[in-house]
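Below: one structure, written as structure tokens.
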Amino acid sequence: MFKTVLVANRGEIARRVLRACRALGVRGVAVYSEADAGWPHVKDADEAVRIGPAPARESYLNIERILEVARVARAEAIHPGYGFLSENWQFARACGETGAAFIGPPWTVIKQMGEKIAARRLMVGAGVPVVPGSEGPVGDLEAAQRTAGAVGFPIMLKAAGGGGGIGMARAVDPAQLAQAFPTAQRRAHAAFGVADLYLERYLEEARHIEVQVFGDHDGTLVHLHERECSIQRRHQKLIEESPAPGLPPEVKRRLVDAAVRGARAVGYVNAGTMEFLVDPAGGFHFLEMNTRLQVEHPVTEEVTGLDLVQAQLRVAAGEALPWKQAEILQRRAAIECRIYAEDPDRNFMPSPGTISALRLPEGEGIRVECGVAEGVTVSVHYDPLLAKVIAWGQDRDEALERMQRALSEFSVEGVKTTLPFHRAVLSSELFKRGQVHTQLVEQGAFNA
Amino acid sequence: MPEEVKAHITGVVFQVLTKPGDQVRAGDPIIVLESMKMEIPVEAPRAGTVTEVTAKEGETVQEGDTVALLE
């Protein structure tokens, strides 16, 4: 095992990784920007190094600076968390070149799955169904209209250079497509440095269900079952749970088989997630692979009783995966609510500010992953995730009851949060019945 | 009487989309703010001519700050 690991992230995920380091007797080094001095993840670390000003590109995205800190701190490995540099293959490659292990898949795999059009083709080759769409990039509006006509409206425009729901735009007809195309190109270029777009059929009232996979260097590759993540705004998740309620066992079996087949096809190592859309008829379609730890990984940890982050460190250190597929069971149900500094009454607009009071839920069946503390200022520079609440129970009903209680105990003052939204979802009949799909939030299904 | 176009949210100016002399319709984006990884357009409250854009790319503006003038 490594003696020292650098955590190239902030907030709750940096704390989560530092906790795994402590559990394994590994020295944890944090990095932080000027905006984050005094934040909990800085205090949690055995050593913390300031790396630059608040803007991410001058701090958490500054590859040279982070590698320099790793070298000085004698870190043998770097955990990228999620977001920031986690799916940046140049960073993963640079880590290897400077002698620090990148805690994640090989850089070649990050690159392969990051090129979304090529990844689609790879999955087709591996026998994994994809959403019907363009074979290659659509270079101009004319090509987009032609392809959209063939694929059939409504369609979704997506950036070829990267995923995570960034730069996506839906169009229901040629006029909307004409309007959305230049904006989507600009966004794609701003986010990923390439303006290339591709196009997929938009599946109405589909569910977002993903499969956690994990591989090691010996070629073992397992799945850790599914997570249902349909409650989203702006194509970003708000609530995740496992098992996926009402998912027919036959569909589930085919879904995890496809996920494992797809991950094997690219020689996947470490933790990753295969994302799918499941249509109302039970057909499923590959969306993309996230070649990193997911925000919602605690759901899987609570369901299976396994520690994904510790396993990430072990596998990166060259150890074999400590699990056998047959022993990985959905032992209970778990659900996660993401508490963002956003105003649900103003269409989830960001709500930066200083946290003046914070009361976290506790008790039986509740786990909280919190990145903030009273007195810290939530800045405009980073993702607005403050904390995650995870509730587990022997079955879904028990998990939901515990979550409702936890949400009623949880309070944050100083910024608006998604807490009232979560309370509304948890008390809705629709959600209790598990009848969810990705359009519910935009349709106003949980509005008071 | 020129009308002040105000930021409805705190953020970093990601993009300036208009310049003095530009004709805009109500709802047209004047600038785009980036806040917490989201791109949020600041839109023209009515149709008119942009007379001044005070926001500069990369600058932080607070909620309520004037970012442009419209005539």
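Chain identifiers are assigned alphabetically (A, B, ...) following the order of the sequence lines, protein sequences preceding nucleic acid strands; residue numbering begins at 1 within each chain.
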Sorted by chain and number, sequence neighbours left out, salt bridge (Lys or Arg N to Asp or Glu O under 4.0 Å) with Glu369(A) holds for Arg19(A), Arg367(A)
Side chain, backbone, both or neither: which part of Ala191(A) has an atom under 4.5 Å from a heavy atom of chain B?
neither
Are there more than 12 heavy atoms of other residues, nucleotides or ligands under 6.0 Å from atom CD of Gln179(A)?
no
Heavy-atom count check: over 12 atoms from other residues, nucleotides or ligands less than 6.0 Å from Lys416(A) NZ?
no
Counting heavy-atom pairs under 4.5 angstrom with chain B, the leader among Val380(A), Val378(A), Leu385(A) is Val380(A)
Sort by residue number and list every residue of residues 3-13 of chain B having at least one heavy atom under 4.5 Å from chain A.
His8(B), Ile9(B), Thr10(B), Gly11(B), Val12(B)
Mind checking which of residues 52-65 of chain A sit less than 4.5 Å from chain B, heavy atom to heavy atom?
none
Anything in residues 36-67 of chain B with a heavy-atom distance to chain A below 4.5 Å? Please list those residues in order.
Met36(B), Lys37(B), Met38(B), Glu39(B), Ile40(B), Glu63(B)
Worked check of side chain to side chain contact (heavy atoms under 4.5 Å, CB included) between Arg186(A) and Gln15(B)
CA-CA 11 Å; Arg186(A) 187 178 56 74; Gln15(B) 217 174 11; 2.5 Å; yes
Glu342(A), part contacting chain B, at a heavy-atom distance under 4.5 Å
side chain
